[in-house]
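Have a look at the structure below, then the notes.
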2 protein chains.
Amino acid sequence: MRAEGLERVTMRRLAQELDTGPASLYVYVRNTAELHAAVLDRLLGEVDLSAAGAEGDWRERLVRLLTSYVDVLFAHPALARAALVARPSGEHYLDLVEAVLALLAEGGVPSARASWGLDLLLQYATASAAEHSAQGQAPQTKDDWDALTRALRDASPDRHPQIAALGTTLLSGTGEERLAWGFQVLISGITAAPEPPTTPPTP
Amino acid sequence: MRAEGLERVTMRRLAQELDTGPASLYVYVRNTAELHAAVLDRLLGEVDLSAAGAEGDWRERLVRLLTSYVDVLFAHPALARAALVARPSGEHYLDLVEAVLALLAEGGVPSARASWGLDLLLQYATASAAEHSAQGQAPQTKDDWDALTRALRDASPDRHPQIAALGTTLLSGTGEERLAWGFQVLISGITAAPEPPTTPPTP
DNA sequence: ACCTGAACACCGTTCAAGT
DNA sequence: ACCTGAACACCGTTCAAGT
């Protein structure tokens with residue numbers, strides 16, 4: 001349960017590490033999703049929450065905090081992908097949520113927008129980590145990306161004029177630059193967006 | 001290869017449908033990721049591109065187009081999750097990209113911001129579909145969400161004052177409302193964001 | 001040369017049988 | 001009552017042997 005050094009977190013692998021059969025894990029956890037969520041929450045302990053308290057504008061600090069979160073996920077590709085589906089609900093995750101909310105509050109973002117914006121920011125960070133981390137993981141995704149690059153370059157000006165016109169601009173920038181730019185877009189969008197409708201919680 | 005009615009797209013399932021062994025598929029496709037990308041692109045043929053040409057503000061039409069994309073992914077949960085990792089590069093995907101870019105151009109978004117914004121919009125749409133579609137798929141994710149709900153409600157005002165203060169606001173709204181709000185945030189953020197740095201394409 | 005059966009090395013989950 | 005060995009029903013990928 002508290003094993004580390006996990007590249008691909010699976011029931012059987014973990015069971016083996018604990019010198020037992022895979023069935024035994026079902027005493028502590030109901031299924032793989034719950035296992036992922038638990039391991040993920042442990043991992044979130046590595047997020048540098050102090051980035052929220054450092055110097056600088058609240059936006060800068062928010063970006064630094066979220067970047068730390070991305071870095072942590074990035075180091076564990078399998079969990080990054082799991083994080084999108086199996087949301088953790090442990091103490092470390094709550095700490096991260098708290099820190100993000102505190103920064104949004106400091107920036108004067110009203111509560112409804114902060115609530116929805118929180119999800120947007122974390123989802124973007126998680127998806128970016130998952131997407132990009134897969135690249136380094138399996139060699140095949142490299143080929144996928146190459147195929148997309150070629151497809152965009154070879155776009156016919158007749159059928160896809162916009163793509164052809166933009167050309168290499170579509171592929172410009174590094175992953176880091178794009179990540180940072182995305183955070184800026186989200187933050188400025190959240191502060192500018194209309195207040196969301198105030199419906200009662202779903203269930 | 002052109003089989004449909006697929007809930008979980010796997011090599012073996014598809015091979016069985018084609019009355020052959022799984023090894024045979026490797027003649028047409030190098031691995032599962034490539035298979036997913038191919039099937040996904042076929043699926044994207046169902047996206048309602050005419051939403052881009054309908055009446056209304058370019059923002060409204062963009063949201064309608066992206067919502068159609070989400071709906072299509074939503075109907076095929078397994079592929080939605082695959083879409084984040086295995087980017088398709090087929091004709092249907094290019095058509096979608098073209099349509100989004102055309103709307104951004106109509107809105108007067110400069111090309112560099114449109115290029116990066118495109119990725120942001122599609123990534124958000126894809127991640128939302130993947131995240132939400134998993135909910136309906138496996139019953140366990142429901143429990144995960146319940147656990148998170150409980151964790152947020154029970155947040156201690158001492159350790160997590162922001163969470164406690166927001167209370168049910170954190171969980172307010174339906175999936176549709178949040179999706180639409182997210183699109184608005186992204187669009188307004190993209191139009192307001194600074195021009196990204198103009199670095200040459202990575203390699 | 002092209003296709004593929006069979007094998008290898010993995011999975012998650014269940015459940016009856018053990019302690 | 002609690003734990004788990006063994007079994008079931010799946011996977012992706014490879015490769016030698018067939019045509």
Side-chain angles (χ1 to χ4, degrees), chain A residues 1-3 5-42 76-88 130 133-145 147, chain B residues 1-42 76-88 130 133-147:
Chain A
M1 197 64 180
R2 45 191 62 194
L6 7 93
E7 191 56 0
R8 260 147 80 207
V9 184
T10 86
M11 290 286 191
R12 295 185 105 99
R13 224 177 270 266
L14 189 56
Q16 196 169 3
E17 202 131 337
L18 266 53
D19 272 318
T20 179
S24 309
L25 297 178
Y26 286 80
V27 179
Y28 308 99
V29 118
R30 258 187 316 212
N31 48 49
T32 312
E34 217 169 284
L35 176 70
H36 283 333
V39 176
L40 186 55
D41 193 74
R42 283 195 77 74
H76 303 256
L79 284 175
R81 254 162 298 153
L84 269 172
V85 198
R87 301 283 283 267
S133 75
Q135 231 113 115
Q137 182 83 322
Q140 69 256 27
T141 29
K142 231 291 200 184
D143 301 338
D144 272 17
W145 203 77
Chain B
M1 196 63 181
R2 42 191 64 193
E4 277 298 332
L6 6 96
E7 191 56 359
R8 260 147 80 207
V9 185
T10 85
M11 290 286 191
R12 294 185 106 99
R13 224 177 269 266
L14 189 56
Q16 197 169 4
E17 201 131 339
L18 266 54
D19 273 318
T20 178
S24 311
L25 297 178
Y26 286 80
V27 178
Y28 308 98
V29 117
R30 258 186 316 209
N31 48 50
T32 312
E34 216 169 284
L35 176 71
H36 282 332
V39 177
L40 185 56
D41 193 74
R42 282 195 79 73
H76 303 256
L79 285 175
R81 255 162 298 153
L84 269 173
V85 198
R87 302 284 281 269
S133 76
Q135 231 113 117
Q137 182 83 322
Q140 70 257 24
T141 29
K142 231 292 199 184
D143 301 337
D144 272 16
W145 203 76
D146 287 353

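Labels below follow one simple rule: chain letters A, B, ... track the order of the sequence lines, proteins then strands, and each chain is numbered from 1. Fair warning: this is a prediction, and the values are worked out from it, not measured in the lab.
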message: Without decimals, in angstroms, what is the distance between B/Tyr26 OH and C/dA7 P?
response: 18 Å

field: Chi angles and distances behind the side-chain contact (heavy atoms from CB on, under 4.5 Å) call for A/Arg13, A/Val9
entry: CA-CA 7 Å; A/Arg13 224 177 270 266; A/Val9 184; over 6 Å; no

task: Write down the distance between CG (A/Asp19) and C1' (D/dC3), rounded to a whole number of angstrom.
output: 15 Å

- request: Could you measure between the two P atoms, the one in C/dA9 and the one in D/dC10, and give it in whole Å?
  value: 22 Å

- request: Return the value, rounded to whole Å, for the distance between atom CG of B/Leu25 and atom P of D/dG12.
  value: 9 Å

- request: Compare the minimum distances between each of D/dC15, C/dC3, D/dT4 and the side chain of A/Val27, then state the nucleotide with the smallest one.
  value: D/dT4

message: Going by purine N1 to pyrimidine N3 plus the second Watson-Crick contact, or the G-U wobble pair, all under 3.5 Å, which nucleotide sits opposite D/dT4?
response: C/dA16

query: Can you tell me if the side-chain N/O atoms of B/Thr10 get under 4.0 Å from OP1 or OP2 in D/dC10?
result: no

- prompt: Across all strands shown, which nucleotide pairs with D/dC11 by Watson-Crick or G-U wobble geometry, both distances under 3.5 Å?
  reply: none

statement: Between CG of A/Leu14 and C1' of C/dG12 the distance, given in whole Å, is 13 Å

- request: May I have the distance from A/His36 (atom NE2) to C/dG12 (atom C1'), rounded to whole angstrom?
  value: 11 Å

message: Nearest heavy atom decides the nucleotide; on that basis, is A/Arg12 or A/Ser24 closer to the 5' end of DNA chain D?
response: A/Ser24

field: Non-hydrogen atoms of A/Met11 and A/Leu25 that approach each other most closely
entry: O-CD1, 3.1 Å

task: Whole angstrom is fine here: how far is it from CG in B/Asn31 over to C1' in D/dT14?
output: 13 Å

message: I need the CE-P distance between A/Met11 and D/dG5, as an integer number of Å.
response: 16 Å

query: Of all the nucleotides listed (C/dG12, D/dC11, C/dT4), which has the minimum atom distance to the side chain of B/Thr20?
result: C/dT4

For A/Pro22 against A/Arg12, the heavy-atom pair lying closest together: CB-CG, 4.2 Å

field: For B/Pro88 against B/Ala37, the heavy-atom pair lying closest together
entry: CB-O, 3.8 Å

- line: Taking D/dG5, C/dT13, C/dC10 as options, the one with an atom nearest any side-chain atom of A/Ala23 is D/dG5

Nearest-0.5 Å distance that lies between atom CG in A/Leu18 and atom OH in A/Tyr28: 8.0 Å

- request: Could you check how far CD of B/Glu34 sits from C1' of D/dT13, rounded to whole Å?
  value: 14 Å

Side chain of B/Arg13 (C-beta onward), nearest among D/dG12, D/dC10, C/dG12: D/dC10

